[in-house]
Q: 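Handing you a structure now.
Side chains are part of it too, since the values below use all heavy atoms of this structure and drop only hydrogens, waters and symmetry mates. Given the structure is predicted, the values throughout are model-derived calculations rather than measurements.
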Amino acid sequence: MSIEQDLFASMTPLIANLAEDGNGAVSLGGSRAKQRSDAQSDFDFRVYSDRYQGPVLQQTSAWRQFDAALQGWEAKGLRLDGVWARSYASVQADLDAWIAGKGQTKTYEWTIWGYHLPTDLAHQQIIVDPQGILAGWKDQLAVYPDALRTSLISQHLEVLRYWASDYHYASKVMRRDLVFLVGLTGKLANAILQVVFAVNRTYYPGDGWNLAIAKDLALLPPDFIGRMTAILEPGHDTECWQRQRHALIDVIADLEVLTAE
């Protein structure tokens, strides 16, 4: 038995037991579920149920048993990011909104650009699924929803068009307002990648491995990976921010062509 199989065999019953009926659905998310893990990756467990033990889950004996086992595995050198407990109903409601193109990106402390539910559900590794609900969610997302594609392209192109023509951006470059420019670069890079993934009907990866996954997409602006890498690593010379701004505007123009096809 591999260490991962041993981990699942040990932790799954304890995680499932956090549900009020002791029969929660358990899955693994994050980079491991996307098969993009490396030595730095942790294990992101999720548990789903109608109700949880309580009234305060973290004060129950079920939680204490789970937490003790988690600490034991971490003592062996594995990194576990706890468990995220959610209700079937709330996730289904959020998923329905995303599929209809009306989903709201939720912000958590552990995200940079928000939590992307379709990505998480489409890629999660199902460990136990007593009611088949997790498998049903994956089936709902097996074909990239048209309404989601249209919504993501529209909202992120709006951001890109605004900043491509806004004089404040040019002014900040002239002033070398570094905090502003670093923040805006991240904002625009995120919007560009959101459009690229939506065009390709591929769920946006979230916070990790965006360019590594993007390089395998079929529809991209010319030399997209090389250009984005140069944008994100602009250098230290006096013209680096001006060069970065023009490069971003050029990529945005190419996205206009790509999305019009």
Side-chain angles (χ1 to χ4, degrees), residues 30-31 34 36 38 40-42 81 98 103-120 148-200 202-217 219-261:
S31 60
K34 297 174 192 172
R36 292 274 174 178
D38 56 26
Q40 305 305 314
S41 298
D42 57 9
D81 192 25
W98 277 99
Q104 297 294 315
T105 301
K106 295 184 177 180
T107 301
Y108 298 99
E109 184 178 351
W110 43 266
T111 65
I112 299 174
W113 296 299
Y115 168 69
H116 304 274
L117 180 72
T119 299
D120 196 19
L148 176 60
R149 180 179 186 270
T150 299
S151 173
L152 289 174
I153 291 173
S154 175
Q155 64 181 279
H156 290 290
L157 269 184
E158 182 178 356
V159 171
L160 295 171
R161 287 168 179 153
Y162 175 87
W163 284 106
S165 60
D166 186 70
Y167 72 89
H168 292 98
Y169 188 6
S171 298
K172 296 292 187 179
V173 169
M174 294 297 294
R175 295 171 184 152
R176 292 181 64 82
D177 188 338
L178 299 184
V179 174
F180 180 96
L181 292 172
V182 169
L184 183 59
T185 300
K187 180 185 181 77
L188 297 182
N190 171 60
I192 287 168
L193 286 160
Q194 288 273 10
V195 173
V196 164
F197 278 95
V199 166
N200 284 273
T202 301
Y203 296 110
Y204 177 72
D207 289 347
W209 297 108
N210 304 61
L211 283 182
I213 297 173
K215 70 180 178 57
D216 295 323
L217 298 177
L219 302 173
L220 292 172
D223 189 25
F224 180 70
I225 304 302
R227 292 162 72 189
M228 288 302 297
T229 300
I231 285 169
L232 295 170
E233 299 176 345
H236 301 285
D237 59 276
T238 57
E239 296 300 317
C240 66
W241 298 105
Q242 191 70 263
R243 185 170 60 249
Q244 181 193 66
R245 175 173 174 266
H246 289 306
L248 279 165
I249 291 171
D250 288 345
V251 170
I252 294 168
D254 285 345
L255 286 183
E256 295 279 13
V257 174
L258 192 65
T259 55
E261 294 176 351

Q: Below 4.5 Å, heavy atoms only, C-beta onward: do Q242 and R245 meet side chain to side chain?
A: yes

Q: Look only at the side chain of N200 and the backbone of V196, and say whether a donor-acceptor pair between them is shorter than 3.5 Å.
A: yes

Q: Mind listing the closest non-hydrogen atom pair of T238 and R176 along with its distance?
A: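 Nearest pair, atom of T238 first, then R176: O-NH1, 3.6 Å.
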
Q: Does the pair V159 and Q155 meet the rule for a side-chain contact (heavy atoms from CB on, under 4.5 Å), with working shown?
A: CA-CA 7 Å; V159 171; Q155 64 181 279; over 6 Å; no

Q: What's the shortest heavy-atom distance between H116 and G206, and which atoms?
A: CD2-CA, 3.9 Å

Q: Nearest 0.5 Å, please: how far is CG in L248 from CG in L184?
A: 7.5 Å

Q: Show the nearest heavy-atom pair for residues A198 and L152, with the distance to one decimal.
A: CB-CB, 4.1 Å

Q: Name all residues meeting the side chain to side chain donor-acceptor pair (under 3.5 Å) criterion together with Y162; count only those two or more places apart in sequence or in a different chain, and write none if there are none.
A: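 Side chain to side chain donor-acceptor pair (under 3.5 Å) check on Y162 returns D166.
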
Q: To the nearest 0.5 Å, how far apart are CZ in F197 and CG in L217?
A: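 Spacing of CZ (F197) from CG (L217) equals 5.0 Å.
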
Q: Within the distance-only criterion (no hydrogens, no angle test), does the side chain of T111 pair as donor or acceptor with the backbone N or O of T107 below 3.5 angstrom?
A: no

Q: Can you list every salt bridge (charged side-chain N to carboxylate O under 4.0 Å, His left out) pair that touches residues 225-236, not counting sequence neighbours?
A: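 Only R227-D254 qualify under salt bridge (charged side-chain N to carboxylate O under 4.0 Å, His left out).
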
Q: Might you work through the side-chain contact (heavy atoms from CB on, under 4.5 Å) test for D120 and Y203, ending with a clear yes or no?
A: CA-CA 9 Å; D120 196 19; Y203 296 110; over 6 Å; no

Q: Is there side-chain contact between V182 and W241, with heavy atoms separated by less than 4.5 Å?
A: yes

Q: Could you walk me through whether L211 and M228 pass side-chain contact (heavy atoms from CB on, under 4.5 Å), step by step?
A: CA-CA 8 Å; L211 283 182; M228 288 302 297; 3.9 Å; yes

Q: Quick check: do Y204 and T105 have side-chain heavy atoms less than 4.5 Å from each other?
A: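 Answer no - side chains too far apart.
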
Q: Could you tell me which non-hydrogen atom of C240 sits nearest to which non-hydrogen atom of G235, and how far apart they are?
A: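 Smallest interatomic distance, heavy atoms only, reads SG-O, 3.6 Å.
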
Q: So do the side chains of I249 and W163 get within less than 4.5 Å of each other, counting heavy atoms only?
A: no

Q: Out of curiosity, L160 CG to K187 NZ, how far, rounded to the nearest 0.5 Å?
A: 9.5 Å

Q: Can you measure from CD1 (I231) to CZ (R243) and round to the nearest 0.5 angstrom?
A: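 Rounded to the nearest 0.5 Å, the CD1-CZ separation comes out at 11.0 Å.
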
Q: Donor-acceptor pair, T259 side chain versus L255 backbone, under 3.5 Å?
A: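 Side chain of T259 to backbone of L255, a donor-acceptor pair under 3.5 Å: yes, one is there.
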
Q: Go through the steps for R149 and V199 under the test side-chain contact (heavy atoms from CB on, under 4.5 Å), then give the verdict.
A: CA-CA 7 Å; R149 180 179 186 270; V199 166; 4.2 Å; yes

Q: Closest approach of F224 and L220, non-hydrogen atoms and distance?
A: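 Heavy atoms of F224 and L220 come nearest at CD2-CD2, 3.8 Å.
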
Q: Rounded to the nearest 0.5 Å, what separates atom OG1 in T185 from atom CG in N190?
A: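 Answer rounded to 0.5 Å: 12.5 Å.
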
Q: Around atom OH of Y167, are there more than 12 heavy atoms from other residues, nucleotides or ligands closer than 6.0 Å?
A: no

Q: P205 and T119: which non-hydrogen atoms are nearest, and at how many Å?
A: O-CG2, 3.7 Å

